[in-house]
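All remarks here apply to the structure that follows.
When reading the values below, keep in mind they use all heavy atoms of this one structure, side chains included, and skip hydrogens, waters and symmetry mates.
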Amino acid sequence: MRTPAPDSRPVALTIAGSDSGGGAGIQADLATMAAHGVFGTSAITAVTAQHTRGVESSFVLPLEEVEAQLEAVTGDFAVGAAKTGMLATTEIVRLVADRAPEFEFPLVVDPVMVATSGDRLLEPEAERAYEDLLSEATLATPNADEAEVLSGIEVTDGESAREAGESILETGVDAVLVKGGHVPGETVRDRLVTAKEVRTFEHPRVGTEATHGSGCTLAAAIAARLSKGEPLEPAVEGATDFLGRAVRYYSDVGEGHGAVNHAVDLRNAAAREPTAEAVQGVVGRLVAADVSRLVPEVGMNVVGATPYAESVAETAAVEGRITRTLEGVHPNRGVRFGASSHLADFLLAARESAPELRFAVNCRFDGAVEDALEELGWAVAEDGNSTEPVNGVFADRETSPVAVITRADVGQEATVKLVAADTETLADRTLELCDRLE
């Protein structure tokens, strides 16, 4: 018999409806909590039959069943934080509002009141009951439409978001996160309004309609972080970052717009070691083949991004680069994350338009290399200068370029960067280019 080794984790609670499609509701909440290393519990308010294209039907659970679930969870688990989602009816809103004063943990209220179409989901009595619930809450997370319902102020910009948030604070809630996803613009701005200040969290808008469940996911991520003891502002900042990545790298499932990728951070973390090993594999091939003819004066590097990389810290490269020696080429040190700056920035910028690209190498560029590229017939592009890594060369193209040339500025060296979706292709192309120089 083996000795048990229990895993102790914080506990969070979601009070929301069930989404059979998995993109929203308790399914999204529990997946998000698990992704944050938190044990998720639930009290289901309603059961819906839905998918990526819409809702087919819904059934609200009897009030006593919702109450029984709340009793069961709070009576046994050391809940660290809770969030509410779709509460469905006036009676359920009042039930949760009546129970909230007993909660000895933070409560995040996502006031699900308005459908994506703009239609009201709740009767006026339920909307009024939300005021009592908010008076017991740590944070409210309304979108622009819901903020207007709660405050009477149309949210169109930063000033109106602040005004709406301050109005909602009058209910007694500690803080209000007025979400900017429904406000037009290239940048999504979520504004955290407290009695002391307004803080704005900005993220570039992702060009996708696969945002079903994003509100549930954000509130669940905040609750999960609060259950781990994070202060409110860092919890909100981390949760908005999490959602930005989950929407960009959404799950392409169903016949509709897909679903938010609740496991994106877990999968990205799991890919770190394989990514570093893949970069090391390319380096090994380049060293074994002695690609001295392609090594620039500044040195060569190979960089690899995790599948969901958003920063230089999520790219692996050779520390100190690869340089020429009398015996061939050698890496100065090993592969580590964050070791590259310029080449990593270039790859991340390329991924904005071509996210399938994960690996890059920088090579010497001169007349001989230019002739070799022409002979190979690869798709080649040029960026504007070395301070603008891609300069739009990956945008609006049916096929991404294989090589991007940066011609020399004053005091700088001309280079060509090869890119690929996998390391085998990157190494093959580099060696093929090198062979053409013989």
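- Minimum heavy-atom separation, Thr208 to Thr211: O-CG2, 4.0 Å.
- Of all the heavy atoms in Asp29 and Cys216, the pair that sits closest is OD1-O, 3.2 Å.
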Which donor-acceptor pairs under 3.5 Å do the side chains of residues 105-113 make with protein atoms, sequence neighbours left out?
from   : atom 1 : to     : atom 2 : distance (Å)
Asp110 : OD1    : Thr141 : OG1    : 3.3

- Query: Between Glu255 and His51, does a side chain to side chain donor-acceptor pair (under 3.5 Å) hold up when you go through it step by step?
  - Reply: CA-CA 9 Å; Glu255 296 180 5; His51 38 58; over 6 Å; no
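- No side-chain heavy atom of Asp157 sits under 4.5 Å from any side-chain heavy atom of Val183.
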- Item | Working for salt bridge (charged side-chain N to carboxylate O under 4.0 Å, His left out), residues Glu237 and Arg199 | CA-CA 10 Å; Glu237 182 175 20; Arg199 183 174 174 189; 3.2 Å; yes
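- Rounding to the nearest 0.5 angstrom, the gap separating the CD atom in Glu166 from the CD1 atom in Ile153 is 8.5 Å.
- The side-chain heavy atoms of Ile92 and Leu63, taken from C-beta on, include a pair separated by under 4.5 Å.
- Contact check for Val402 versus Arg429: side-chain heavy atoms found under the 4.5 Å cut-off.
- Contact check for Thr200 versus Asp190: no side-chain heavy atoms found under the 4.5 Å cut-off.
- Two residues are said to be in side-chain contact when any heavy atoms from C-beta on lie closer than 4.5 Å; Ile222 and Lys83 fail this criterion.
- The number of heavy-atom neighbours closer than 6.0 Å to CZ of Phe39, taken from other residues, nucleotides and ligands shown, is 12 or below.
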- Message: For Val318 and Asn332: C-alpha separation, side-chain torsions, deciding distance, then whether side chain to side chain contact (heavy atoms under 4.5 Å, CB included) applies.
- Response: CA-CA 8 Å; Val318 178; Asn332 289 331; 5.6 Å; no
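- Between Ile26 and Ile44 the shortest side-chain heavy-atom distance falls below 4.5 Å.
- In summary, the side chains of Gln69 and Ser42 do not present any donor paired with an acceptor at a separation below 3.5 Å, with no hydrogens or angles considered.
- Between Glu310 and Arg351 no salt bridge is recorded (no basic side-chain N to carboxylate O distance below 4.0 Å).
- A donor-acceptor contact closer than 3.5 angstrom links the side chains of Asn261 and Arg267.
- Between Arg94 and Asp132 there is no salt bridge, since none of the side-chain N atoms of the basic residue sits less than 4.0 Å from a carboxylate O of the acidic one.
- Under the 3.5 Å distance criterion, with hydrogens and angles disregarded, a donor-acceptor pair is assigned to the side chains of Gln50 and His212.
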- Message: Applying side chain to side chain contact (heavy atoms under 4.5 Å, CB included) to Val302 and Phe359, what does each step give before you reach the verdict?
- Response: CA-CA 7 Å; Val302 178; Phe359 301 94; 5.6 Å; no
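- Here the shortest heavy-atom pairing between Leu343 and Val361 reads CD2-CA, 4.2 Å.
- Within the 3.5 Å criterion, the main-chain N or O of Pro204 finds no donor-acceptor partner in the side chain of Glu186.
- The side chain to side chain contact (heavy atoms under 4.5 Å, CB included) test with Val60 singles out one residue from Val66, Leu87, Thr89, and that residue is Thr89.
- For the residue pair Asn268 / Thr306, a side-chain donor-acceptor distance below 3.5 Å is found, with atom types taken as modelled.
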- Item | Chi angles and distances behind the side chain to side chain donor-acceptor pair (under 3.5 Å) call for Thr406, Asp383 | CA-CA 6 Å; Thr406 302; Asp383 62 1; 2.9 Å; yes
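- For the atom pair CZ of Phe242 and NE2 of His36, the computed distance is 5.0 Å after rounding to the nearest 0.5 Å.
- Salt bridge Asp7/Arg9: present, at least one basic N to carboxylate O contact under 4.0 Å.
- Between Arg358 and Thr275, the side chains place a donor N or O and an acceptor N or O closer than 3.5 Å (distance only, hydrogens not considered).
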- Query: Which is it for Ser151 and Glu163 under the side chain to side chain donor-acceptor pair (under 3.5 Å) test, yes or no, and what are the steps along the way?
  - Reply: CA-CA 9 Å; Ser151 68; Glu163 292 174 356; over 6 Å; no
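- For the pair Arg189 and Glu202, the salt-bridge criterion is met [side-chain N within less than 4.0 Å of a carboxylate O].
- A donor-acceptor pair under 3.5 Å is absent between the side-chain atoms of Arg225 and the main chain of Leu232, judged by distance alone.
- No side-chain donor from either of Asp428 and Thr425 sits under 3.5 Å from a side-chain acceptor of the other.
- The number of heavy atoms from other shown groups lying within 6.0 Å of CD (Glu104) does not exceed 12.
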- Check step by step if side chain to side chain contact (heavy atoms under 4.5 Å, CB included) holds for Leu192 and Val198. CA-CA 6 Å; Leu192 180 64; Val198 178; over 6 Å; no
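- Distance check, rounded to the nearest 0.5 Å: CG of Leu70 to CG of Leu95 gives 6.0 Å.
- Salt-bridge check for Glu314 with Arg245: passed, with a basic side-chain N closer than 4.0 Å to an acidic carboxylate O.
- Crowding of Glu233 atom CD: a count of heavy atoms from other residues, nucleotides or ligands under 6.0 Å exceeding 12.
- Rounding to the nearest 0.5 Å gives a distance of 9.5 Å between CG of Asp98 and CD of Glu136.
- Other residues, nucleotides and ligands contribute only 12 or fewer heavy atoms inside 6.0 Å of the CD atom of Glu273.
- Atoms OG1 and CG, on Thr138 and Asp174 in that order, are 5.5 Å from each other to the nearest 0.5 Å.
- Aromatic ring centres of Tyr250 and His257 lie farther apart than the 6.0 Å criterion allows.
- Residues Ala16 and Thr14 come closest through the heavy atom pair CB-OG1, 3.6 Å.
- With contacts defined as side-chain heavy-atom distances shorter than 4.5 Å, the pair Leu61/Val47 qualifies.
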- Can you list the steps and then say if Cys363 with Lys417 is a side chain to side chain contact (heavy atoms under 4.5 Å, CB included)? CA-CA 6 Å; Cys363 303; Lys417 304 175 186 72; over 6 Å; no
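- When every heavy atom of Ala360 is checked against every heavy atom of Val419, the shortest pair comes out as CB-CG1, 4.0 Å.
- In this structure, a donor-acceptor pair under 3.5 Å is present between the side chains of Asp241 and His203.
- Between Arg407 and Glu370, at least one side-chain N (NZ, or NE/NH1/NH2) sits under 4.0 Å from a carboxylate O, which counts as a salt bridge.
- To the nearest 0.5 Å, atoms CG (Leu177) and CG (Leu218) are separated by 6.0 Å.
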- Take Asp19 and Thr48, measure what side chain to side chain donor-acceptor pair (under 3.5 Å) needs, and give me the verdict at the end. CA-CA 6 Å; Asp19 174 3; Thr48 67; 4.6 Å; no
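- Within the 4.5 Å cutoff, no side-chain heavy atoms of His262 are placed close to those of Gln27.
- With a 6.0 Å radius and a threshold of 12 heavy atoms from other residues, nucleotides or ligands, Glu197 has its CD atom above the threshold.
- Ring planes of Tyr308 and Tyr249: perpendicular class, angle over 60° (limits at 30 and 60°).
- Scanning all heavy atoms of the two residues, the minimum distance from Ile168 to Pro142 falls at CD1-CG, 4.1 Å.
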